[in-house]
Amino acid sequence: MARSIFDIMNDMQQRQEPFAVATVVDTYGSVSAKTASKAIIDAQGRVVSGWIGGGCAESSTCEKAIECIETNQTAMMEIDLDDEMLGAGMPCGGGMKVYVEPVLPEPTIWVMGHGKVAEVICAMGDILSYRVIVNDLGATRDKFPAAEHIITDDLDYSQLTPKPNDYVIIATQHKGDHESIKQALSCDAGYIALIASRKRARLVLDYLREEHVSEDEISRVVAPSGLDLGPQTPEEIALCILSEITLLRRGGTGIRNRDKLLVEDAGGAVATLHQAHKLAAGE
């Protein structure tokens, strides 16, 4: 029995594979595709399923799909099938508009640890639509009900395998933090946070240097981590960490919206948090 295009989309999402959905939204003249025709295109620009017309339209759409996946931006493209020189390469006597939408895997938050801060990060991360994987010998399902996956047998941290758009949070309370960070650095995680005291963080970074980890790699470790919100409770510490992750993921400034508006109203660009605070204070 033929599988629907939606079944295939679901499978690719389950496998955490990026892809784009191309949908024909309008046609004119003589074209082979019909409005609402769809195709799934993978990150290599190959049509996995569906159809949006002949080879001339397909090649142009696949090129655009790769671009949309890389930039995580949608695109509306008009394909001229009536101009051999300026169009898609074959005069078909018509044209079409195609909407290309990337579908990227939700980033994963890897939580290393099983204390209260780790538990709250897991719960809040789930609310924010992250996939959460908890990796700790002492982790239990009753403490981490929102975790998509719990790893409790990873003695050498070899199962810590973050992808470039993933976030790793080391909250082990000094137990194995130096070893798990070394493993995280061997992968391409975009964010590696260490929740530890200043003294402990210094010891961990010195350990990495003794293990001949380069300074460029060590600089990837965010310690101290999180935004300075003046936290006093585990819940507030978790909020600081996830706020920093949100800021990095969405390209925010970290400036209060009111202060940002003051800067913009004054005709300036938001350059630094310090400048915004000075303006807000009337300096």
How would you list all residue pairs meeting side-chain hydrogen bond (donor to acceptor under 3.5 Å, both in side chains) that involve residues 237-248, not counting sequence neighbours?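 Sorted pair list: Y191-E244.
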
Determine which pairs satisfy side-chain hydrogen bond (donor to acceptor under 3.5 Å, both in side chains) with at least one residue from residues 106-116, sequence neighbours left out, and list them in order.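 Listed by first then second residue: E106-R249, T108-R131, W110-D166, H114-D136.
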
As an exercise, state the distance from [atom1] of [X] to [atom2] of [Y], rounded to the nearest 0.5 Å.
X    : Y    : atom1 : atom2 : answer
N165 : Y167 : CG    : OH    : 7.0 Å
Q183 : S158 : CD    : OG    : 7.0 Å
I170 : I181 : CD1   : CD1   : 5.0 Å
M112 : I195 : CE    : CD1   : 12.5 Å
E179 : E211 : CD    : CD    : 9.0 Å
I52  : I79  : CD1   : CD1   : 6.0 Å

Going hydrophobic residue to hydrophobic residue with side-chain gaps under 4.5 angstrom, can you get from [X] over to [Y]?
X    : Y    : result
M124 : L247 : yes
F6   : V100 : no
I41  : I66  : no
I121 : V221 : no
L137 : V111 : no

Where [X] and [Y] come nearest, the two heavy atoms and their spacing:
X    : Y    : value
E101 : Y99  : CB-CE2, 3.9 Å
I69  : A43  : CD1-CA, 3.7 Å
A184 : V168 : CB-CG1, 4.3 Å
S225 : I241 : OG-CD1, 3.2 Å
A33  : T27  : O-CG2, 3.9 Å
C68  : A75  : SG-CB, 3.6 Å

Above 12 or not: heavy atoms from other molecules or residues under 6.0 Å from CG of D26?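 Yes, CG of D26 has more than 12 neighbouring heavy atoms, counting only those of other groups under 6.0 Å.
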
Other residues, nucleotides and ligands only: do more than 12 of their heavy atoms fall within 6.0 Å of CZ on R15?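 Check passes, neighbour count above 12.
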
State whether the side chain of R220 and the backbone N or O of L185 hold a donor-acceptor pair below 3.5 Å, judged by distance alone.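 It does hold such a pair.
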
Do [X] and [Y] come within less than 4.5 Å of each other through their side chains, counting heavy atoms only?
X    : Y    : value
Q13  : F19  : yes
M9   : I40  : yes
P18  : V103 : no
Y28  : M96  : no
L242 : I109 : yes
T61  : M77  : yes

Kindly write out the residues that satisfy side-chain hydrogen bond (donor to acceptor under 3.5 Å, both in side chains) with D42, not counting sequence neighbours, or none if the list is empty.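 D42: side-chain hydrogen bond (donor to acceptor under 3.5 Å, both in side chains) contacts with R46.
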
Set of residues satisfying side-chain hydrogen bond (donor to acceptor under 3.5 Å, both in side chains) with respect to Q16, sequence neighbours excluded: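 Applying side-chain hydrogen bond (donor to acceptor under 3.5 Å, both in side chains) to Q16 gives none.
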
Under the side chain to side chain contact (heavy atoms under 4.5 Å, CB included) rule, what do I150 and R141 come out as? Steps first, then yes or no, please. CA-CA 8 Å; I150 297 177; R141 177 55 66 181; 3.7 Å; yes

Donor-acceptor contacts, no H, no angles, side chain residues 202-210, under 3.5 Å, sequence neighbours left out:
from : atom 1 : to   : atom 2 : distance (Å)
D206 : OD1    : R209 : NH1    : 3.1
R209 : NE     : E215 : OE2    : 2.7

Of the options L194, V222, I245, which is the one that meets I169 in a side-chain contact (heavy atoms from CB on, under 4.5 Å)?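 Among L194, V222, I245, the one meeting side-chain contact (heavy atoms from CB on, under 4.5 Å) with I169 is I245.
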
For side chain to side chain contact (heavy atoms under 4.5 Å, CB included), just list the numbers for R200 and D177, CA-CA rounded to whole Å, side-chain angles, deciding distance to a tenth of an Å, and then say yes or no. CA-CA 10 Å; R200 180 61 188 179; D177 49 8; 2.6 Å; yes

Under 3.5 Å, is there a donor on one side chain and an acceptor on the other for S214 and D216?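 No.
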
Non-neighbouring partners of Q159 that pass side chain to side chain contact (heavy atoms under 4.5 Å, CB included), sequence neighbours left out: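 Partners of Q159 under the side chain to side chain contact (heavy atoms under 4.5 Å, CB included) test: N135, I151, D153, D154.
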
